[in-house]
Protein chains: 2
Amino acid sequence: MILKSQVEWALHCCTILAGLPNGRYLSTKALAEFHGVPKEYLSKALQSLSQAKLVDSTLGPSGGYRLSRPAAEISFLDVVEAVEGKERTFVCNNIRTNNPCRPKSYCEAGPCAIARIMWEADEAWRASLRSVTLAALIQTLEKEIPVTLWQSSSEWVLNRAG
Amino acid sequence: MILKSQVEWALHCCTILAGLPNGRYLSTKALAEFHGVPKEYLSKALQSLSQAKLVDSTLGPSGGYRLSRPAAEISFLDVVEAVEGKERTFVCNNIRTNNPCRPKSYCEAGPCAIARIMWEADEAWRASLRSVTLAALIQTLEKEIPVTLWQSSSEWVLNRAG
DNA sequence: CAAATAAGGATAAATAATATCCGTATTGGG
DNA sequence: CCCAATACGGATATTATTTATCCTTATTTG
């Protein structure tokens, strides 16, 4: 059980978009080039972000994507769920109903106890992702990344932003 | 990203094994029949449990599996990791190194900040799974499952246990 | 009007999950 | 001692998912 690489790409793209000056857009092409990933496939991830309303898009030359709201109001969970979907990571197939001793008429009261425990863990995972915003990530990155690299990257992006 | 169905099967099988009288074994065949799942494929899941030393196995007629230690000392995480592996659910491909502004000689200090946050959530998931034992599960099930069904299932299993 | 873009459908390739089959070694019961 | 039942592991097949590419359409900027 491994998350799609699109999750990683989407998070990195959101990080870049969060650094854009207000109102500017950045294209799929620029994002793909910056991260060294295939443009056509990255495009699918960005479309997922768009459908989840995490980003706005605009057409034409100088078109592209920007965050649809402040980075402080977008969590890791928002991005992960936009790409992976909101379904739980554990699916209960209710195999308890295959118990040969179970009366045909018997109707289970609620979800299987095993599923409930697995779903609780799933929720713990989501709660952790929900607790971190893109703004918090950027704050961390600003401390960690050398100033020169940070600045040159900003310039690179700005040169390509519509 | 969805867990293998073998995880569900393994958890249900461990539940049954936890209910066995001390020293008795239950075969793959019986476990497969009880849960209505394919015997040959379930066998792979049980082999995973065996390799992880969560269960002991014995050969020959009246052979099968039993828990290798008390149910109170086996957590959901033990079972999940036995089947799914211990690898983290988020893989960092370090695409930050593709940044066109990054000097060729530049050496990253530590893991990517994005990966660290994803791994923290992964750890929250594992911590939740680690906190629940098979013994706790059984305690819950004893309350939820009708006594008649509980007893008839016990008998069914006991009739087939070596 | 031309070039660049997002969006989305169709398709292909690669990988992982699900499943079956078979041979081997081991064990308990007759 | 022999036979049947078993765990184990390897090989293979089938299906679903992930990864990726290609192409068409509508839209927008200059």
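Naming: A, B, ... by sequence-line order, numbering from 1 per chain.
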Length of the line joining B/Arg66:CZ and D/dA7:P, which is rounded to integer Å = 14 Å
In whole angstroms, the gap separating C1' of D/dT19 from NZ of A/Lys4 amounts to 10 Å
A/Tyr65 side-chain N/O to C/dA7 phosphate OP1/OP2 under 4.0 Å = yes
Check the distance between D/dT17's P and A/Ile2's CD1 and give it to me in whole angstrom.
-> 17 Å
Considering just the side-chain nitrogens and oxygens of A/Ser50, establish if one lies under 4.0 Å of OP1 or OP2 belonging to C/dA7.
-> yes
Testing C/dT18, D/dC8, D/dT21 for proximity to the side chain of B/Tyr41, the answer is C/dT18
Carboxylate-amine/guanidinium proximity below 4.0 Å for A/Arg96 and B/Glu8 = no
A/Ser68 (side chain) donor-acceptor with A/Leu54 (main chain) under 3.5 angstrom | yes
Base, sugar-phosphate, or nothing for A/Gly64, non-hydrogen atoms under 4.0 angstrom?
-> sugar-phosphate
Between A/Ser152 (side chain) and A/Thr148 (backbone), is there a donor-acceptor pair under 3.5 Å?
-> yes
Choosing from C/dC22, C/dT5, C/dA17, which nucleotide comes nearest the side chain of B/Glu40?
-> C/dC22
Does B/Gln6 put a side-chain nitrogen or oxygen below 4.0 Å from OP1 or OP2 of C/dT18?
-> no
Looking only at side-chain atoms of B/Thr28, point me to the closest of C/dA7, D/dA7, D/dT21.
-> D/dA7
Take the protein atom CG of B/Asn93 and the nucleotide atom P of D/dA20, then report the distance between them rounded to whole Å.
-> 10 Å
Whole-Å gap separating C1' (C/dA6) and CG (A/Leu59) = 5 Å
All heavy atoms of B/Phe76 vs all of B/Thr133, minimum pair found to be CE1-O, 4.2 Å
What's the closest nucleotide to the B/Pro61 side chain, out of D/dT29, D/dC8, D/dA5?
-> D/dA5
Atom CG of B/Leu49 to atom C1' of D/dC8: distance rounded to whole Å?
-> 14 Å
So what does A/Ser43 hit on the nucleic acid, given a heavy-atom distance under 4.0 Å: a base, only sugar-phosphate, or nothing?
-> nothing
Ionic contact status for A/Glu123 with A/Arg116, cut-off 4.0 Å = no
Separation of D/dC23 atom P from A/Lys44 atom NZ, nearest Å, is 14 Å
Of A/Ser27 and B/Leu3, the one whose nearest nucleotide on DNA chain C sits closer to the 5' end is A/Ser27
Think B/Ser5 has a side-chain N or O under 4.0 angstrom from the OP1 or OP2 of C/dT18?
-> yes
What integer distance in Å separates B/Glu87:CD from C/dA16:P?
-> 11 Å
Side-chain donor or acceptor of A/Arg160 paired with backbone N/O of A/Ala30 under 3.5 Å = no
Ignoring the backbone of B/Ser57, work out which of C/dT20, C/dG28, D/dC8 is nearest its side chain.
-> D/dC8
Give A/Gln51 one of three labels, base, sugar-phosphate or nothing, depending on what nucleic acid heavy atoms sit under 4.0 Å from its own.
-> sugar-phosphate
